Amino acid sequence: RHRTIVRSPEVQQWFIAALRADLLCNHQCLGTYRLTGRSGLGKTRAVLEALDHELLRTKVIYAQDPDRLPKGFVSWLALTPDAEAVLVIDECSSEEFNKLTETLSGASDRVSLIGIGHLDARGVVQSGRFNLDRESGPELESILQASFPQLGIQTRRYISKLSSGYVRA
């Protein structure tokens with residue numbers, strides 16, 4: 001696995017900064033966020049980078065999917081007045097996200113919910129919806145140039161073409 005730092009594309013950098021600012025309540029403190037996009041676009045990585053802040057790290061609870069949450073845990077978070085958390089649920093469908101949002105509706109001032117999943121048209125998300133998309137060839141070449149300067153231009157173009165716009169480190 002690569003240990004080289006790969007600069008996130010511009011949209012991901014904007015998302016990281018916006019989510020972090022919101023969670024630190026520099027903005028509206030929406031409480032619920034949903035990040036969607038195809039597999040391999042760096043959704044989870046972007047969320048985890050946004051949460052890599054000294055005031056947020058200790059509050060983060062991550063689950064690979066909704067089924068990995070202990071039974072009753074979300075209800076406990078909602079009903080426990082001194083519980084503060086940033087609950088990150090990966091592989092979360094719109095339907096599951098909306099159920100979790102409803103359960104946590106009275107605790108949005110203490111518990112933030114971030115759902116990460118594939119783009120789907122079902123379900124309405126009231127706030128904080130973001131969608132990551134594939135990158136263009138020139139953007140990928142730029143990322144490759146910054147991360148692997150030893151690669152020649154033809155090699156970068158070939159890798160960019162093969163990746164079909166998907167960024168994965």
Side-chain angles (χ1 to χ4, degrees), residues 1-2 5-70 73-74 77-78 83-137 139-140 142-143 146-147 163-169:
R1 213 155 220 230
H2 294 288
I5 296 173
V6 177
R7 300 253 183 254
S8 296
E10 221 174 84
V11 173
Q12 283 180 314
Q13 289 295 351
W14 173 85
F15 169 78
I16 290 165
L19 180 60
R20 181 178 289 156
D22 246 32
L23 291 170
L24 292 170
C25 288
N26 294 338
H27 290 284
Q28 301 170 1
C29 296
L30 298 171
T32 60
Y33 307 86
R34 179 146 169 80
L35 180 60
T36 59
R38 293 182 179 178
S39 181
L41 293 177
K43 299 178 300 290
T44 303
R45 179 180 179 160
V47 168
L48 295 179
E49 282 187 38
L51 298 173
D52 189 15
H53 185 279
E54 63 186 37
L55 297 176
L56 298 173
R57 273 185 223 116
T58 59
K59 297 179 183 181
V60 176
I61 300 168
Y62 174 85
Q64 277 186 311
D65 59 62
D67 293 336
R68 303 229 181 187
L69 287 168
F73 180 71
V74 176
L77 275 177
E84 289 186 27
V86 178
L87 184 58
V88 180
I89 311 296
D90 217 337
E91 302 301 328
C92 188
S93 69
S94 287
E95 184 179 288
E96 282 291 334
F97 182 78
N98 290 334
K99 285 179 191 175
L100 293 166
T101 300
E102 187 177 318
T103 303
L104 293 169
S105 64
S108 62
D109 59 326
R110 305 178 287 102
V111 181
S112 294
L113 173 64
I114 303 172
I116 304 168
H118 299 287
L119 186 60
D120 57 18
R122 295 186 318 259
V124 175
V125 177
Q126 297 297 321
S127 61
R129 179 154 192 154
F130 302 91
N131 183 53
L132 289 183
D133 209 350
R134 293 184 290 179
E135 299 302 326
S136 70
E139 288 170 326
L140 284 172
S142 169
I143 292 167
S147 302
S163 71
S164 300
Y166 291 99
V167 178
R168 191 167 221 155

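As a basis for the values below, the full set of heavy atoms in this structure was taken, side chains included, without hydrogen atoms, waters or symmetry mates. The structure displayed is predicted, hence computed values, not measured ones.
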Looking at every heavy atom in both [X] and [Y], which two are closest together, and how far apart are they?
| X | Y | answer |
| --- | --- | --- |
| A107 | L77 | CB-O, 4.5 Å |
| E49 | R20 | O-NH2, 2.5 Å |
| R34 | H118 | NH2-O, 3.5 Å |

Side chains of V47 and Y33: closer than 4.5 Å at any heavy-atom pair?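 Counting from C-beta outward, V47 and Y33 never come under 4.5 Å.
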
Strictly by salt bridge (Lys or Arg N to Asp or Glu O under 4.0 Å), give each pair with a member in residues 100-113 just once, sequence neighbours left out.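 Residue pairs passing salt bridge (Lys or Arg N to Asp or Glu O under 4.0 Å), neighbours aside: none found.
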
Residue pairs, two or more places apart or on separate chains, that pass salt bridge (Lys or Arg N to Asp or Glu O under 4.0 Å) and touch residues 58-70: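 Salt bridge (Lys or Arg N to Asp or Glu O under 4.0 Å) check on residues 58-70 returns K59-E84, D65-R68.
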
Check the pair L35, I114 against side chain to side chain contact (heavy atoms under 4.5 Å, CB included), reporting the backbone distance first and the verdict last. CA-CA 8 Å; L35 180 60; I114 303 172; 5.5 Å; no

Can you tell me how far [atom2] of [Y] sits from [atom1] of [X], rounded to the nearest 0.5 angstrom?
| X | Y | atom1 | atom2 | value |
| --- | --- | --- | --- | --- |
| L104 | K99 | CG | NZ | 14.0 Å |
| L48 | I16 | CG | CD1 | 10.0 Å |
| F97 | I116 | CZ | CD1 | 10.5 Å |

Once side-chain hydrogen bond (donor to acceptor under 3.5 Å, both in side chains) is applied, do any residues pair with T44, and if so which ones, sequence neighbours excluded?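 side-chain hydrogen bond (donor to acceptor under 3.5 Å, both in side chains) list for T44, sorted by chain: D90.
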
Go through it in stages, so that I can follow the logic: the residues are Y62 and L51, the test is side chain to side chain contact (heavy atoms under 4.5 Å, CB included), and I'd like the CA-CA distance, side-chain angles, deciding distance and then a yes or no. CA-CA 11 Å; Y62 174 85; L51 298 173; over 6 Å; no

So E96 and I89, side chain to side chain contact (heavy atoms under 4.5 Å, CB included) or not? Walk me through it. CA-CA 10 Å; E96 282 291 334; I89 311 296; over 6 Å; no

